Amino acid sequence: MHITSGTKQILCILALYFFLAWSLTGVYFFTHTQQIPDDWEHWHEQIGAGTAPDSSQFRLISYWLADGASKPFGQPVFIGYLSVRFVFTFITLCLFHLFLLKWMRPVMATFSVVLFAALTPISFIPFLQEADIVLYPFFLGGLWFIREQKFWWLAGIIAAGTFAKETIIFLLPMFALYQWRRGRTWRTIVETALLAIIWAAAFYVTRHVFFEGNNSPLWQLPANISFLSQSLALHPLINVYLFFIPVFGVFWILPFMRLSTKPMFLQRAAPYIVIFTTLHFLMGWPHETRIMLPLAFLIIPSGLMTLFPDGWEKNEVAPQG
């Protein structure tokens with residue numbers, strides 16, 4: 001059977017992403033060997049009983065998937081969670097590659113995905129929840145549907161993604177920024193409000209229908225200010241509160257440069273980076289670097305376009321009024 005060069009390229013890329021996902025899963029396991037077997041089992045049982053601490057109680061998709069990947073086969077539950085981690089890491093890498101092909105050639109898209117994979121180990125510090133790795137394909141899919149102007153597909157992603165992690169709501173500012181045009185003001189407001197209602201309905205279901213457990217507040221700014229003030233005395237290299245800064249390094253700055261030369265989607269992504277980061281200081285835990293990784297889907301391609309302004313395709317259509 002003759003295999004074309006295009007097929008060989010696809011197989012090589014899939015093999016690369018398979019082994020990257022396998023390696024990242026292995027790195028996570030071997031850096032958490034003392035935590036995973038016992039703590040995972042106890043944590044999993046708490047979620048099933050509706051008594052798990054904080055918001056992990058309401059991030060249901062990772063729980064359901066791990067349960068289905070372990071119990072029917074008589075495997076320990078942490079094997080189920082590791083299986084979920086591997087599968088969703090592989091899906092994320094492949095989906096990110098496809099997302100980038102609208103702008104980039106396959107080689108540059110592959111390089112971007114490898115950069116993303118290289119960033120993920122720092123997010124293991126101190127702990128990468130399974131909810132986060134499950135969230136990434138939902139978040140990336142949401143960005144894709146925003147770019148392609150698929151409103152109802154985006155609504156479905158937000159509804160389903162809320163069961164993965166409630167921070168899927170952070171897609172809404174990107175939707176509003178990209179859709180906002182002269183003559184579209186009210187339509188953008190109405191559509192954004194509708195997406196917010198869909199998220200709120202799914203959020204209510206996760207917190208009041210499936211489980212009745214602890215409730216984690218959405219407003220975290222006071223705790224973050226307190227944590228930051230306590231952390232300032234620590235050396236920067238061991239201060240986990242500041243790890244989100246070096247995780248992207250110079251790529252925090254590159255997306256804001258040469259904006260006019262980039263696709264409209266990435267032009268609107270520049271202020272979104274500021275909004276996303278601010279929202280996590282208000283509602284999240286910025287010292288947990290894992291929550292910043294969804295920004296990589298925007299920061300990496302935009303940053304590379306700053307460095308290589310002629311290496312991408314301008315084939316994006318702006319929203320119509």
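Predicted, not measured: the structure shown is a model, and the values here were computed from it.
- Nearest heavy atoms, Cys94 versus Leu14: SG-CD2, 3.9 Å.
- Atom CD1 of Ile133 sits about 10.0 Å away from atom CD1 of Ile91, to the nearest 0.5 Å.
- Put simply, the side chain of Gln75 never gets that close to the backbone of Gly80: no donor and acceptor are under 3.5 Å apart.
- With contacts defined as side-chain heavy-atom distances shorter than 4.5 Å, the pair Leu298/Phe276 does not qualify.
- Counting all heavy atoms, side chain and backbone alike, Pro106 lies closest to His97 at O-CE1, 3.7 Å.
- Proximity of a side-chain donor or acceptor of Trp22 to a complementary backbone N or O of Phe90 within less than 3.5 Å is not detected.
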Just do the side chain to side chain contact (heavy atoms under 4.5 Å, CB included) check on Leu143 and Leu171 with the steps written out, would you?
CA-CA 7 Å; Leu143 291 175; Leu171 285 171; 3.9 Å; yes
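- Taking the side chain as every heavy atom from C-beta outward, Thr306 and Lys262 approach each other to under 4.5 Å.
- Phe111 CZ: 12 or fewer foreign heavy atoms inside a 6.0 Å radius.
- Contact annotation: the side chain of Leu254 approaches that of Phe251 to within less than 4.5 Å [non-hydrogen atoms, C-beta and beyond].
- Note on ring orientation: taking the six-membered ring where Trp is involved, the planes of Tyr136 and Phe116 are perpendicular (angle over 60°, cut-offs 30° and 60°).
- Relative ring orientation between Trp252 and Phe248 is described as perpendicular, the plane-to-plane angle rising above 60° on a 0-90° scale split at 30° and 60°.
- In this structure the side chain of Ile291 never reaches within 4.5 angstrom of the side chain of Thr167, judged on heavy atoms.
- To the nearest 0.5 Å, atoms NZ (Lys165) and OG1 (Thr206) are separated by 13.5 Å.
- Cluster annotation: Leu172 and Val274 are assigned to the same hydrophobic cluster (Ile/Leu/Val/Met/Phe/Trp/Tyr, side-chain heavy-atom contacts under 4.5 Å, transitive).
- Residues Ile10 and Phe96 share a hydrophobic cluster, clusters being chains of Ile/Leu/Val/Met/Phe/Trp/Tyr side chains in contact below 4.5 Å.
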Evaluation steps, side chain to side chain contact (heavy atoms under 4.5 Å, CB included), between Leu98 and Trp144:
CA-CA 10 Å; Leu98 294 173; Trp144 196 326; 3.6 Å; yes
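- Of all the heavy atoms in Phe138 and Ala160, the pair that sits closest is CE2-CB, 3.8 Å.
- Closest of all the heavy-atom pairs between Ala176 and Thr192 is CB-OG1, 3.8 Å.
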Any chance you could lay out the side chain to side chain contact (heavy atoms under 4.5 Å, CB included) test for Phe175 and Phe145, step after step, and finish with the verdict?
CA-CA 9 Å; Phe175 172 80; Phe145 291 135; over 6 Å; no
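- Between atom CZ of residue Phe203 and atom OG1 of residue Thr162 there is a gap of 9.0 Å, rounded to the nearest 0.5 Å.
- Side-chain contact between Ile61 and Val84: absent, with no pair of heavy atoms (C-beta onward) separated by less than 4.5 Å.
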Taking it one step at a time, do Thr277 and Met292 satisfy side chain to side chain contact (heavy atoms under 4.5 Å, CB included)?
CA-CA 8 Å; Thr277 306; Met292 293 295 177; 4.1 Å; yes
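- Shown here for Met104 and Ser112, the closest heavy-atom pair between the two residues is SD-OG, 3.5 Å.
- Annotation: the span from Tyr81 atom OH to Ser70 atom OG amounts to 8.0 Å, rounded to 0.5 Å.
- Rounding to the nearest 0.5 angstrom, the gap separating the CG atom in Leu304 from the CG atom in Leu100 is 9.0 Å.
- The closest donor-acceptor contact from the side chain of Thr120 to the backbone of Ala117 lies under 3.5 Å.
- Scored by the side-chain contact (heavy atoms from CB on, under 4.5 Å) test, Pro271 finds Leu177 as partners (sequence neighbours excluded).
- Transitive grouping of hydrophobic side chains (ILVMFWY, heavy atoms separated by less than 4.5 Å) brings Ile13 and Phe19 into a common cluster.
- Judged by distance alone, with hydrogens and angles left aside, the side-chain atoms of Arg85 form no donor-acceptor pair with the main-chain N or O of Phe29 at under 3.5 Å.
- Heavy-atom minimum distance, Leu119 versus Ala296: CD1-CB, 4.3 Å.
- Under a hydrophobic clustering in which Ile, Leu, Val, Met, Phe, Trp and Tyr are joined whenever their side-chain heavy atoms come within less than 4.5 Å, directly or via other members, Leu20 and Val107 fall into different clusters.
- Results of the side chain to side chain contact (heavy atoms under 4.5 Å, CB included) test with Val134 over Phe88, Trp64, Tyr63 single out Phe88 as the only residue that passes.
- In this structure, Phe86 has its ring center closer than 6.0 angstrom to the ring center of Phe18.
- A single hydrophobic cluster is seen to contain both Ile300 and Ile253, as judged by linkage of ILVMFWY side chains at heavy-atom distances under 4.5 Å, directly or through other members.
- Side-chain contact between Lys102 and Phe265 is absent, with no heavy atoms from C-beta onward closer than 4.5 Å.
- Remark: Arg147 qualifies as a cation-pi partner of Phe99 under the 6.0 Å distance and 45° angle criteria applied to the six-membered ring.
- For the atom pair CG (Leu266) and CD1 (Ile299), the distance works out to 11.0 Å, reported to the nearest 0.5 Å.
- By the 4.5 Å heavy-atom criterion applied to side chains, Ser302 and Ile273 are not counted as neighbours.
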